[in-house]
There are 2 protein chains.
Amino acid sequence: MTKKNSLNAIEVQCLRVSLGLNQAQVAQITKATEEDVQAWETGEQLIPEVAQKKLLEIDDIIEMQVLNTCDGIESLFKSEPKRRLSFVVYPTQAIYTQYNPEFISSLPFTELYNTSTWRIKKECKLVLEVDVTLVSFDVDSYKAFREQEGLGESRENRAKWAATQI
Amino acid sequence: MTKKNSLNAIEVQCLRVSLGLNQAQVAQITKATEEDVQAWETGEQLIPEVAQKKLLEIDDIIEMQVLNTCDGIESLFKSEPKRRLSFVVYPTQAIYTQYNPEFISSLPFTELYNTSTWRIKKECKLVLEVDVTLVSFDVDSYKAFREQEGLGESRENRAKWAATQI
């Protein structure tokens with residue numbers, strides 16, 4: 001039996017699976033060991049409140065990011081005709097860490113960021129009838145594009161590159 | 001480049017991760033090999049349309065299950081005061097397969113079912129202010145409960161057992 005509002009063992013597991021994370025990743029996020037995470041999920045060990053909070057926070061951040069981004073796209077498309085959109089996603093943790101460091105503290109793994117963008121794609125299609133294409137970030141192709149266009153490195157310019165990929 | 005409305009390589013990966021599945025599970029669902037799934041996600045091989053359809057279908061089923069269940073709970077609670085609710089989740093694939101066979105064809109893995117129940121829990125909290133506790137199905141405890149209460153095996157009776165666990 002756990003405290004009210006506290007996650008029980010199976011809920012921690014369901015939350016982890018719904019985030020698309022493995023036990024090693026949860027251990028890293030919560031600064032625990034893989035053995036700890038295993039013990040939380042079998043109920044042999046209580047999940048520290050701070051670890052629960054961290055995981056629930058990530059769940060909420062993804063939800064908020066989906067809502068906010070879709071809202072932003074909706075207002076953008078009030079003033080111009082609907083069109084295709086592209087979103088950059090990061091194929092490896094190394095590339096994600098290097099190019100998207102502002103997200104590392106809130107969504108520490110590229111899988112979390114990609115889950116979020118998948119849901120944005122879905123929501124845009126369903127609610128806004130906007131086609132979002134996820135574009136895997138390709139460092140070489142992006143560098144060539146920047147050189148050709150005389151652009152610096154920025155999130156905005158990554159988006160411009162991604163637009164050329166659909 | 002893929003056809004319009006068709007998933008590209010990174011999108012297949014994002015979809016898989018957002019479903020909480022590994023490549024072996026996607027292979028099983030789509031009747032492909034793990035090597036195939038790997039090749040889809042790196043872009044070395046096009047994803048057969050039937051495989052895409054299957055994965056997108058699962059994504060939709062989860063969404064529908066969350067919406068429908070929350071709607072059902074909302075109408076239930078219009079006529080009675082809000083209370084705590086429990087939902088059975090299945091800790092292993094073997095138990096899931098044995099006790100929940102009606103879901104196997106739509107949500108073949110217990111992880112998918114559990115992702116769905118996690119999202120129901122979240123949505124109920126957020127929208128309906130109803131506390132849902134996920135209860136890991138315990139075969140022995142359930143059998144003892146049925147014996148004691150003189151009950152047969154049914155989904156309804158599993159729910160009754162789960163209610164005793166919170």
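Labels below follow one simple rule: chain letters A, B, ... track the order of the sequence lines, proteins then strands, and each chain is numbered from 1. Since the model is a prediction, treat every value here as computed from it, not as a measurement.
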(Q) Any side-chain to backbone donor/acceptor pair from B:Thr69 onto B:Val66? Under 3.5 Å, distance only. (A) no
Q. Which bit of A:Glu41 comes within less than 4.5 Å of chain B, counting heavy atoms only: side chain, backbone, both or neither?
A. neither
Q: Working to the nearest 0.5 Å, report the span between NZ of B:Lys121 and CG of B:Leu126.
A: 12.5 Å
Q: Specify which of A:Arg16, A:Lys122, A:Glu111 makes the most heavy-atom pairs with chain B at under 4.5 Å.
A: A:Lys122
Q) Highest number of heavy-atom pairs under 4.5 Å with chain A: which of B:Val89, B:Asn114, B:Val135, B:Leu134? A) B:Leu134
Q.
At a 4.5 Å cut-off on heavy atoms, which part of A:Ser116 comes close to chain B: side chain, backbone, both, or neither?
A. neither
Q. When rounded to the nearest 0.5 angstrom, what distance separates OG1 in B:Thr97 from CZ in B:Phe103?
A. 13.5 Å
Q) What part of A:Leu112 gets closer than 4.5 Å to chain B, counting heavy atoms only: side chain, backbone, both or neither? A) neither
Q.
I need the minimum non-hydrogen distance between B:Gly152 and B:Asn157, along with the two atoms involved.
A. O-ND2, 2.7 Å
Q: Against chain B, label A:Asn22 side chain, backbone, both or neither, depending on which of its atoms sit under 4.5 Å from a heavy atom there.
A: neither
Q: Sort out for me which of A:Thr117, A:Thr110, A:Thr133 touches chain B most, counting heavy-atom pairs under 4.5 Å.
A: A:Thr133
Q) If you round to the nearest 0.5 Å, how far is CD1 of B:Ile47 from NZ of B:Lys53? A) 16.0 Å
(Q) Is it the case that the ring center of A:Tyr113 lies less than 6.0 angstrom away from the ring center of A:Tyr90? (A) yes
Q) With chain B, which of A:Gly43, A:Gly20, A:Cys14 has the greatest number of heavy-atom pairs at distances under 4.5 Å? A) A:Cys14
Q: Give a yes or no answer on whether the side chain of A:Ser18 reaches the backbone of A:Leu15 with a donor-acceptor pair at less than 3.5 Å.
A: yes
Q: Tell me, for A:Val132 versus chain B, whether the close heavy atoms (under 4.5 Å) come from the side chain, the backbone, both or neither.
A: backbone
